[in-house]
Amino acid sequence: MKLYRRHIDSRLLLGTAQYPSPKVLEEAIRASNTQIITVSLRRETADGSGAGFWQNLRDIGAHILPNTAGCHSVKEAVTTAHMARELFDTNWIKLEVIGHADTLQPDVFGLVEAARMLSADGFEVFPYTTDDLVVGERLLDAGCELLMPWGAPIGSGQGLRNPDALRAMRAHFPDIPLIVDAGIGRPSDAAQAMELGMDAVLLNTAVARAGDPVGMARAMSQATDAGRAGYEAGLMAPRDMAVPSTPLLGMAELG
């Protein structure tokens with residue numbers, strides 16, 4: 001998988017919030033085999049312990065993808081992105097511009113505007129968006145080289161609420177990396193996303209709040225790999241009627 005000219009082997013991106021302890025977080029990251037972890041600037045600075053937390057993540061060796069979580073306006077998101085670039089020393093930014101407080105649905109108008117501003121300033125933008133094809137086109141026009149459509153509202157664990165829309169995105173953007181972001185609650189959800197032809201999944205809550213975060217991280221990694229392998233092998237199309245696996249031709253007739 002190639003993201004902004006950087007080759008990535010793992011197709012699972014992992015968030016770093018809500019874990020019961022830094023030790024569990026580190027073990028979950030390693031168990032997931034992820035090469036990309038997302039970090040919120042607000043998580044880093046909220047309690048004054050950001051420097052130590054950042055050092056722990058850097059020691060793991062994964063690529064850091066800062067995000068603008070919690071931003072509800074273009075100005076807020078752009079300012080946060082610039083602060084994150086200075087703190088984490090990376091042009092990568094997961095761009096969130098939230099438009100609805102309850103569902104955390106993206107403000108797609110603000111998202112496109114912010115993406116255009118950040119792309120022009122040298123950022124490599126990972127936009128958290130909806131599964132709307134027109135919005136996807138606008139984000140690509142704004143300078144994005146990949147799209148991150150939601151599967152369901154952030155933290156809901158509802159899985160893929162509209163798999164047909166994601167399938168349509170894959171067909172409409174055959175050469176654009178698509179990463180399902182938000183809503184993944186079970187390993188089967190991750191596998192389903194990959195079977196639809198998505199390039200990767202990004203998840204956080206399903207692992208962080210599991211009874212065994214390390215075990216769940218490992219399960220999500222395995223599910224992602226299995227789903228991708230199935231997609232590449234060629235999935236069987238559903239049929240309306242039964243089809244016998246043993247041919248009738250040549251069977252003995254018992255009188």
(message) When you measure from the side chain of Y4 to the backbone of V125, do you find a donor-acceptor pair of N or O atoms at a distance under 3.5 Å?
(response) yes

(message) Closer than 3.5 angstrom, by distance alone: can the side chain of D189 be matched with the main-chain N or O of R186 as a donor-acceptor pair?
(response) yes

(message) Between N67 and L65, is the side chain to side chain contact (heavy atoms under 4.5 Å, CB included) condition met? List the steps.
(response) CA-CA 6 Å; N67 67 46; L65 175 59; 5.9 Å; no

(message) Quick check: do I64 and W92 have side-chain heavy atoms less than 4.5 Å from each other?
(response) no

(message) Taking E96's backbone N and O only, do any of them form a donor-acceptor pair with T68's side chain (distance below 3.5 Å, no angle check)?
(response) yes

(request) Answer yes or no: is there a side-chain heavy-atom contact under 4.5 Å between L196 and L160? (result) yes

(request) Measure up the H82 and F123 rings against each other and bin them: parallel (under 30°), tilted (30 to 60°), perpendicular (over 60°). (result) perpendicular

(message) Check R167 with D164, please: is the shortest side-chain N to carboxylate O separation under 4.0 Å?
(response) yes

(request) Would you name the heavy atoms of A223 and A190 that are closest together and state the gap between them? (result) CB-CB, 4.4 Å

(request) May I ask you to decide if I29's main-chain N or O and S32's side chain share a donor-acceptor pair within less than 3.5 Å? (result) yes

(message) One pair to check against side chain to side chain contact (heavy atoms under 4.5 Å, CB included): I60 and E26. What are the steps and the verdict?
(response) CA-CA 7 Å; I60 292 173; E26 179 180 349; 4.0 Å; yes

(request) Answer whether the closest heavy-atom distance between the side chains of R161 and P153 falls below 4.5 Å. (result) yes

(request) Taking all heavy atoms of K2 and all of R5, pick out the closest pair and write down the distance. (result) CE-CA, 3.5 Å

(request) List the atom of V97, the atom of A114, and the distance in Å for their closest heavy-atom pair. (result) CG2-CB, 4.3 Å

(message) Looking at R170 and D199, is any side-chain nitrogen of the basic one under 4.0 Å from a carboxylate oxygen of the acidic one?
(response) yes

(message) If we ignore hydrogens and angles and just use 3.5 Å, is the side chain of T16 paired with the main-chain N or O of T38 as donor and acceptor?
(response) yes

(request) Flag the pair T130 / Q105 as yes when at least one side-chain heavy-atom distance between them is below 4.5 Å, and no otherwise. (result) yes

(request) Apply side chain to side chain contact (heavy atoms under 4.5 Å, CB included) to V207 and Y19, showing your working. (result) CA-CA 8 Å; V207 170; Y19 286 82; 3.4 Å; yes

(message) If you compare all heavy atoms of V74 against all heavy atoms of G110, which two are closest, and at what distance to 0.1 Å?
(response) CG2-O, 3.4 Å

(request) Look at the side chain of S221 and the backbone N and O of A217, then say whether any donor-acceptor pair between them is shorter than 3.5 Å. (result) no

(request) Measure from the side-chain N and O atoms of Q35 to the backbone N and O of S10, and report whether any donor-acceptor pair falls under 3.5 Å. (result) yes

(message) Between I184 and M220, is the side chain to side chain contact (heavy atoms under 4.5 Å, CB included) condition met? List the steps.
(response) CA-CA 10 Å; I184 300 295; M220 289 293 188; 4.1 Å; yes

